2 protein chains.
Amino acid sequence: MDAYHTDAWAALGDPTRRAIFERLATRPSAVGELANALPISRPAVSQHLKVLKDAGLVVDRPAGNRRIYRVDPAGVAHLRKELDRFWSSALAAFKVAAEHNEEGDS
Amino acid sequence: MDAYHTDAWAALGDPTRRAIFERLATRPSAVGELANALPISRPAVSQHLKVLKDAGLVVDRPAGNRRIYRVDPAGVAHLRKELDRFWSSALAAFKVAAEHNEEGDS
DNA sequence: GCTTACCGTAAGTGGATGCTTACCATACTG
DNA sequence: CAGTATGGTAAGCATCCACTTACGGTAAGC
C-alpha cells in the first residue's frame, strides 16, 4: 500500500501533466473538459490521466455518461512525505556545507 | 535572473539525477567519484551534471586536477519556492473538496 | 617533456514518450 | 431502436532521452 507503480516525480516532470494535475486540484473535471482547455487532443489527455492515475495522484469516478477525475488525497500525502524526506536529506548536509562556506579545504 | 534554462522538476524527474543531487547534497564530490558510486559511466554522469547545472541546481568549481560539484543554494531556494506555490495552489481547492467528502451530489 | 589522471564533448544507438488519427464500447436522448 | 456524446485503447510516428565508446584538452607526477 506504500508502493506505487510509477514515480510521482517523473509523472509530474511533464509540464502538461503538471497543468492537468493543478487544474484537477482546482476543480474535478471530465476528460473532454480538460482536453477542451488544453492544446492537445482528448486521447492525449486520457493517456496523461492514465499516467497520473498509475502514479496514484488522481482517481476517477464514472458520472453517468462522463468520467470525473480528481486529485487523490493518499497520493498527494505520499508525495508530500517523499518531498519532505527529500528536502530534509538534501538541506541537512547542505546547511552544514554553508557553514564551511568561508573556507574549509585548507 | 528568475528564469532558468530548463525545468528543475523535469531535471529531478530522472531517478539517476535525483540520486546524484541527493549525494551532492550530502557531500560535494568530483565527477569520477560520483561515477564510481553509480552504475553508469563517467560521461553519463557528466551529462546528468550538465542538466542539473542547466537547471540551476548545482554549481561546479575546478579544484586542481578535478572538478567539484555541489548543490546551488539559489537553485534550491527557487525550487523550494516553486514547490510551495505548487502545493498551495493544489491543496487549497483540494481541501475544499475534502470537506465535500461526505456526500454532496445525491 | 612524457606519461598518467581527470573530465567535457561529439557521435551513435536502443528504448521510452508524447502526440496524432482510427476504432470500439458504453451511456444518455429522441 | 437509431443517433449522439463521451472516453478508453490500438496503431503509427516523430522526437527525445539516457547511455555507451571514442576523442581532445588541461592539470599533476616522474
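Numbered from 1 within each chain, the chains take letters A, B, ... in sequence-line order. What you see is a predicted model; the values in this text were computed from it and never measured.
- Here ring pair (Phe, Tyr, Trp, His ring centres under 6.0 Å) pairs that include residues 18-55 of chain A, with residues two or more places apart or in two chains, are Phe21(A)-Phe86(B).
- With sequence neighbours left out, Arg18(A) forms a side-chain hydrogen bond (donor to acceptor under 3.5 Å, both in side chains) with Asp7(B).
- The distance between atom CG of Asp54(A) and atom C1' of dT17(C), rounded to the nearest whole Å, is 15 Å.
- With Arg17(A) contributing its side chain and Ala11(A) its backbone, the two residues share a donor-acceptor pair below 3.5 Å.
- One atom, CD of Glu33(A), and another, P of dA5(D), lie 17 Å apart when rounded to the nearest Å.
- Where Ala63(A) and Asp60(B) meet DNA chain C, the nucleotide closest to each residue was compared, and Asp60(B) sits on the side nearer the 5' end.
- The side-chain hydrogen bond (donor to acceptor under 3.5 Å, both in side chains) test applied to Asp14(B) returns no partner, not counting sequence neighbours.
- In this structure, dG30(C) forms a base pair with dC1(D), meeting either the Watson-Crick or the G-U wobble geometry with both donor-acceptor distances under 3.5 Å.
- Contacts of Val31(B) classified as side chain to side chain contact (heavy atoms under 4.5 Å, CB included), with partners at least two apart in sequence or in another chain: Arg42(B), Val45(B), Ser46(B), Leu49(B), Tyr69(B).
- One finds no side-chain N or O of Tyr69(A) lying less than 4.0 angstrom from the OP1 or OP2 phosphate oxygen of dT6(D).
- Atom CD1 in Ile68(B) sits about 11 Å away from atom P in dG8(C), given to the nearest Å.
- With rounding to whole Å, Leu34(A) atom CG is found 13 Å from dC19(C) atom P.
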Would you give a per-nucleotide map of nucleotides 16-26 of chain D, 5' to 3', where B means the base has a protein non-hydrogen atom under 4.0 Å away, S means only the sugar-phosphate does, and - means neither? --SBBBB----
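- Not counting sequence neighbours, the partners of Arg23(A) by the side chain to side chain contact (heavy atoms under 4.5 Å, CB included) test are Arg27(A), Leu34(A), Ala37(A).
- The distance from atom CZ of Arg67(A) to atom P of dT9(D) is 9 Å, rounded to the nearest whole Å.
- Look at Ser46(B) and you won't find any side-chain N or O under 4.0 angstrom from OP1 or OP2 of dC7(C).
- Here the C1' atom of nucleotide dT17(C) and the CG atom of Leu52(A) are 14 Å apart, to the nearest Å.
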